[in-house]
Amino acid sequence: MTRGEDQKVKILKAAKQIFGKKGYYDTKMLEIAEQAGVSKGTIYLYFSSKDELYIETHEQGFRQYLVMLENEVNKFTTFKEKLICIAERQLAVFYNDRHTPNKYLQAYNNDPKMIQCLHNFLDNYHKYVVSIMKEEQIENPNEHAKAFIGILENYKRDIFFNKDYDYAMLLQTVLFVVDLFIHGCKKG
């Protein structure tokens with residue numbers, strides 16, 4: 001890795017950490033530079049603006065997440081195991097960031113490029129879940145994938161705002177959602 005590549009990696013890593021802790025609006029480029037061990041001017045050699053850096057940190061994270069998810073899901077053979085894996089990974093992202101929810105709760109600075117970046121990720125994530133539905137020959141895989149992802153997405157509030165929410169609760173949620181999705185509602 002060249003010195004320039006190393007600096008860019010350090011900048012992206014520092015930006016991801018600081019944006020995650022403070023959100024877009026409260027993050028200063030000087031803080032990122034100090035965390036990365038570079039001058040503020042060096043950041044602008046690689047990124048023309050704070051917006052561009054913010055978008056790049058997200059694009060990189062989104063790509064890494066999809067690669068990781070596919071690798072993890074491929075370790076399993078049954079539909080149920082694959083759904084459990086997808087559900088756990090989706091909720092774990094929020095759980096691991098539960099102390100810094102700003103990056104999920106801010107409106108991405110209303111930047112059309114950031115909104116497009118997020119849209120592209122969600123579209124690719126949905127397509128991946130659709131592919132799992134198709135493997136299982138689920139009828140209407142697009143709608144089933146949306147429903148599965150949507151159910152999980154609603155648990156983000158519990159993870160962020162319930163101070164007692166722990167990983168055991170996350171796993172219980174995963175099993176409940178997968179059971180509900182596969183077997184439907186049960187009268188009780």
Side-chain angles (χ1 to χ4, degrees), residues 13 16-24 26 54 57-109 114-188:
K13 183 178 178 183
K16 182 179 177 184
Q17 290 173 350
I18 295 172
F19 283 135
K21 287 179 188 171
K22 299 182 88 177
Y24 176 84
D26 293 332
Y54 187 70
T57 61
H58 281 75
E59 285 178 340
Q60 181 185 66
F62 293 156
R63 284 189 304 271
Q64 290 170 344
Y65 177 80
L66 291 171
V67 168
M68 176 277 304
L69 181 64
E70 188 170 350
N71 289 337
E72 289 294 313
V73 170
N74 285 338
K75 295 176 183 176
F76 300 100
T77 56
T78 71
F79 183 58
K80 182 176 181 177
E81 290 170 331
K82 290 178 181 188
L83 290 180
I84 289 170
C85 182
I86 292 168
E88 183 178 356
R89 296 305 172 270
Q90 182 175 335
L91 294 181
V93 168
F94 303 130
Y95 183 80
N96 291 333
D97 290 336
R98 69 192 177 282
H99 301 296
T100 56
N102 283 346
K103 65 183 174 183
Y104 300 103
L105 302 176
Q106 288 182 341
Y108 292 104
N109 195 29
M114 187 60 217
I115 292 168
Q116 185 63 48
C117 172
L118 179 61
H119 174 77
N120 290 343
F121 165 71
L122 293 173
D123 190 46
N124 288 328
Y125 180 56
H126 175 257
K127 286 177 184 175
Y128 179 69
V129 177
V130 167
S131 75
I132 300 300
M133 301 293 168
K134 285 181 177 180
E135 280 177 19
E136 191 64 21
Q137 299 177 345
I138 299 295
E139 196 173 299
N140 203 348
N142 285 313
E143 294 304 315
H144 278 87
K146 283 181 187 178
F148 185 69
I149 294 167
I151 292 168
L152 292 167
E153 185 69 20
N154 203 39
Y155 282 97
K156 178 171 48 177
R157 291 179 307 155
D158 293 345
I159 294 168
F160 286 152
F161 301 117
N162 178 351
K163 301 298 179 203
D164 298 323
Y165 200 93
D166 61 16
Y167 208 82
M169 292 171 76
L170 182 146
L171 293 175
Q172 289 175 339
T173 299
V174 165
L175 295 176
F176 172 78
V177 168
V178 171
D179 185 61
L180 174 66
F181 187 77
I182 292 174
H183 302 292
C185 295
K186 298 174 185 169
K187 292 184 179 181

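Sequence positions, counted from 1, serve as the residue numbers for this chain. Just so we're clear, the structure is a prediction, and the values are computed from it rather than from any experiment.
Heavy atoms from other residues, nucleotides or ligands lying under 6.0 Å from OH of Y167 number more than 12. Other residues, nucleotides and ligands contribute more than 12 heavy atoms inside 6.0 Å of the CZ atom of R63.
Ion pairing between a basic and an acidic side chain is recognised when a charged N comes within 4.0 Å of a carboxylate O; K186 and D179 show such pairing. Note on E135 versus K82: salt bridge recorded, some NZ/NE/NH1/NH2 to OD/OE distance being below 4.0 Å.
Here the straight-line distance linking atom CG of D158 with atom OH of Y165 works out to 6.0 Å at 0.5 Å rounding. The OG atom of S131 sits 10.5 Å away from the NE2 atom of H126 when rounded to the nearest 0.5 Å. With rounding to the nearest 0.5 angstrom, the CZ atom of F76 is 8.5 Å from the CD1 atom of I84. A distance of 7.0 Å separates CD1 in I159 from OG1 in T173, rounded to the nearest 0.5 Å. In this structure, K134 NZ and E136 CD are separated by 14.5 Å, a value rounded to the nearest 0.5 Å. Expressed to the nearest 0.5 Å, how far CD1 of I182 lies from CD1 of I138 amounts to 8.0 Å.
Between the side chain of E81 and the backbone N or O of T77, at least one donor-acceptor pair lies under 3.5 Å. A donor-acceptor pair under 3.5 Å is formed between the side chain of N71 and the backbone N or O of V67. For D123 (side chain) and H119 (main-chain N/O), no donor-acceptor pair under 3.5 Å exists by modelled atom type. With H144 contributing its side chain and E139 its backbone, the two residues share a donor-acceptor pair below 3.5 Å.
Taking Q172 as the reference, M169 meet the side chain to side chain contact (heavy atoms under 4.5 Å, CB included) condition, with sequence neighbours excluded.
Contact detail for Y65 and R89: the closest heavy-atom pair is OH-C, 3.5 Å. A pairwise comparison of heavy atoms in Y125 and L66 identifies CA-CD2, 3.9 Å as the closest pair. Taking every heavy atom of both residues into account, A92 and L170 meet most closely at N-CD1, 3.9 Å. Minimum interatomic distance between V129 and A145 (heavy atoms only, all atoms of both residues): CG1-CB, 3.7 Å.
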Inset, instruction - Any chance you could lay out the side-chain contact (heavy atoms from CB on, under 4.5 Å) test for F160 and K156, step after step, and finish with the verdict? - result: CA-CA 6 Å; F160 286 152; K156 178 171 48 177; 3.2 Å; yes
Inset, instruction - List the steps, then state whether salt bridge (charged side-chain N to carboxylate O under 4.0 Å, His left out) holds for D26 with K21. - result: CA-CA 9 Å; D26 293 332; K21 287 179 188 171; over 6 Å; no
Legend entry - Check against side-chain contact (heavy atoms from CB on, under 4.5 Å), E143 and F148: CA-CA 9 Å; E143 294 304 315; F148 185 69; over 6 Å; no
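Here the side chains of L118 and F62 are in contact, with some heavy-atom distance below 4.5 Å. Counting heavy atoms from C-beta on, the side chains of L171 and L175 never come closer than 4.5 Å. When side chains are defined from C-beta on, M133 does not count as touching N140, because their heavy atoms never get closer than 4.5 Å.
Classification of the F79-F181 ring pair by plane angle, with boundaries at 30° and 60°, yields tilted. Between Y54 and H58, the ring-plane angle classifies as tilted under the 30° and 60° cut-offs.
A donor and an acceptor atom, one from each side chain of Y95 and E88, are nowhere located under 3.5 Å apart. Checked by atom type, the side-chain pair Y155/Q90 shows no donor-acceptor distance below 3.5 Å.
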